[in-house]
Amino acid sequence: MTDFPGAPDPSAPRDGRRLRVLAAMSGGVDSAVAAARAAEAGHEVTGVHLALSANPQSFRTGARGCCTIEDSRDARRAADVIGIPFYVWDLAERFREDVVEDFVAEYAAGRTPNPCLRCNEKIKFAALLDKALALGFDAVCTGHYATVVTRDDGSRELHRASDLAKDQSYVLGVLDDRQLAHAMFPLGDTLTTKGEIRAEAERRDLAVAKKPDSHDICFIADGDTQGFLAKRLGMAEGDIVDEDGAKLGTHEGAYGFTIGQRKGLRLGVPAADGKPRYVLDISPVNNTVTVGPADALDITALTAIKPRWCGTPPSGPGTYTAQLRAHGSETAVAAELVDDALKVSFTEPVRGVAPGQAIVLYDGTRVVGSATIAQTERRAPARLA
């Protein structure tokens, strides 16, 4: 039997030879190839598509979104070609409560959430994994680009994918020890381009080989986040002010803005220096958006809450690199866990950091853990004389 790095220990299953694997199949090419590789490795694989929308016709527009009837059918056809059983599990209510409602509530509170992290934490590696284990499966397989490394003592670590251009470890930084012990990522060690993954799918006769990737937020099919939030939170006119509190304009809902935003401010008063303004702060209490110069976005430190560790929590202060958004670069930090809150200081100031976002810490390629940004500290910007 062939296998790939990071597969759970084959000696653990009841027959001592192969794993019972539940492959989450979204209907896209990555999850289909991952399921095919797991089956080819000799594991007993069952495919499952998660129905996450009560109205599945509404979750895809072209290459946007996922979780439609079309995606379910694509996943079923892929499972048939691979030669594995296939089921559709309805997790729409759980998804609505844990991901969609959380997303709306976070924006209403002036924070900027990442629904993909929440979905991985609450749906794919909580609700799905719990159900899988209850049914006797040993592991959940997904098409994420990340690598699981098993140490000599049997513990498991989450690492970046071999191909850093496709690495998705940031959105998996919420996985804890238990979840990681039952996770399988067959694409993580693949040093290939997405085109080569598609070529592999074509060689396997998978019809999804040329299917466009989904992107943006799956439950906002048209990509209009502000419109989506407006329907749920309603219009709420408020002021846009500068750092001194002077009114510069109005908005129709503070939830429509994110820290670091430059476009769409519609300000009638130009800045004294003629330079662009950026969103610096969002206050849901008085429905006010504060804007200012780019250098006022410089963050020197932050406090993050609800830490989740991919292994033993760090003890005492340490130096790491941190990633602050899904496709962001790494930056050097010093971090320490103090009273269940993560205190982080940056070696060099960073910009565009908003409460609600996740910070993921790395030790080399290893994912140490993640936490939700609660507060930030800014470097005082230079003032005009």
Side-chain angles (χ1 to χ4, degrees), residues 52-68 92 95-119 171 212-243 247-271 276-294 296-297 299 324-328 351-358 372-374 376:
L52 301 180
S53 171
N55 179 21
Q57 293 284 12
S58 67
F59 272 20
R60 179 179 285 279
T61 301
R64 294 182 183 273
C66 62
C67 314
T68 65
F95 183 79
R96 182 186 64 80
E97 293 176 357
D98 289 344
V99 180
V100 180
E101 290 186 1
D102 174 80
F103 178 85
V104 174
E106 286 293 284
Y107 266 101
R111 297 186 287 266
T112 305
N114 185 314
C116 293
L117 273 85
R118 193 67 63 238
C119 184
V171 296
D213 289 336
S214 60
H215 59 86
D216 294 324
I217 300 169
C218 70
F219 53 87
I220 305 179
D222 60 3
D224 182 8
T225 300
Q226 186 167 359
F228 173 86
L229 292 169
K231 290 178 182 178
R232 285 153 179 80
L233 298 174
M235 297 293 187
E237 185 172 301
D239 292 339
I240 301 176
V241 302
D242 64 17
E243 294 173 279
K247 182 175 177 179
L248 304 175
T250 61
H251 61 77
E252 296 178 339
Y255 52 75
F257 298 85
T258 57
I259 303 296
Q261 178 178 335
R262 172 185 172 184
K263 297 182 179 180
L265 302 182
R266 302 192 303 274
L267 302 177
V269 182
R277 292 188 179 95
Y278 299 80
V279 174
L280 304 180
D281 185 59
I282 301 163
S283 175
V285 176
N286 56 15
N287 198 26
T288 298
V289 174
T290 302
V291 299
L297 289 169
I299 298 298
L324 297 161
R325 54 185 63 84
H327 303 291
R351 290 182 177 177
V353 181
Q357 290 176 336
T372 302
I373 299 170
T376 60

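Nearest heavy atom pair, residue V241 against residue L248, reads C-CD1, 4.1 Å. Across every non-hydrogen atom of I282 and G110, the tightest pair is CG2-CA, 4.1 Å. When every heavy atom of A109 is checked against every heavy atom of P284, the shortest pair comes out as O-CG, 3.3 Å. Minimum interatomic distance between T372 and G356 (heavy atoms only, all atoms of both residues): CG2-O, 3.8 Å. Here the closest non-hydrogen pair linking E243 and A296 is OE2-CB, 3.8 Å. The shortest heavy-atom contact between Q357 and R325 is NE2-NH2, 4.5 Å.
Side-chain N or O atoms of R277 include none that pairs as donor or acceptor with a backbone N or O of L267 at under 3.5 Å. With R232 contributing its side chain and F228 its backbone, the two residues share a donor-acceptor pair below 3.5 Å. A donor-acceptor pair is defined here as one N or O able to donate and one able to accept, closer than 3.5 Å; no such pair exists between the side chain of E106 and the backbone of A108. Side chain of Y107 to backbone of T258: no donor-acceptor contact under 3.5 angstrom is found. In this structure a side-chain-to-backbone donor-acceptor pair under 3.5 Å is present from N286 to T288. Between the N287 side chain and the A236 main chain, a donor and an acceptor come within less than 3.5 Å of each other.
E252 CD: 12 or fewer foreign heavy atoms inside a 6.0 Å radius.
Inter-residue side-chain proximity for V279 and L265 is flagged as met; some heavy-atom pair is nearer than 4.5 Å. Counting heavy atoms from C-beta outward, F95 and C218 have side chains that approach closer than 4.5 Å. The closest side-chain heavy-atom distance from L280 to I259 is not below 4.5 Å. Put simply, the side chain of V291 does not reach to within 4.5 Å of the side chain of F257, judged on heavy atoms.
One distance of note links CG of L324 with CZ of R351; it measures 14.5 Å at 0.5 Å rounding. Rounding to the nearest 0.5 Å gives a distance of 11.0 Å between CG of L52 and CG of D98. To the nearest 0.5 Å, the span separating NZ on K247 from CG on D239 amounts to 4.5 Å. Remark: N114 CG to I373 CD1 distance equals 11.0 Å, nearest 0.5 Å.
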Step by step, would you call T290 with D242 a side-chain contact (heavy atoms from CB on, under 4.5 Å)? CA-CA 5 Å; T290 302; D242 64 17; over 6 Å; no
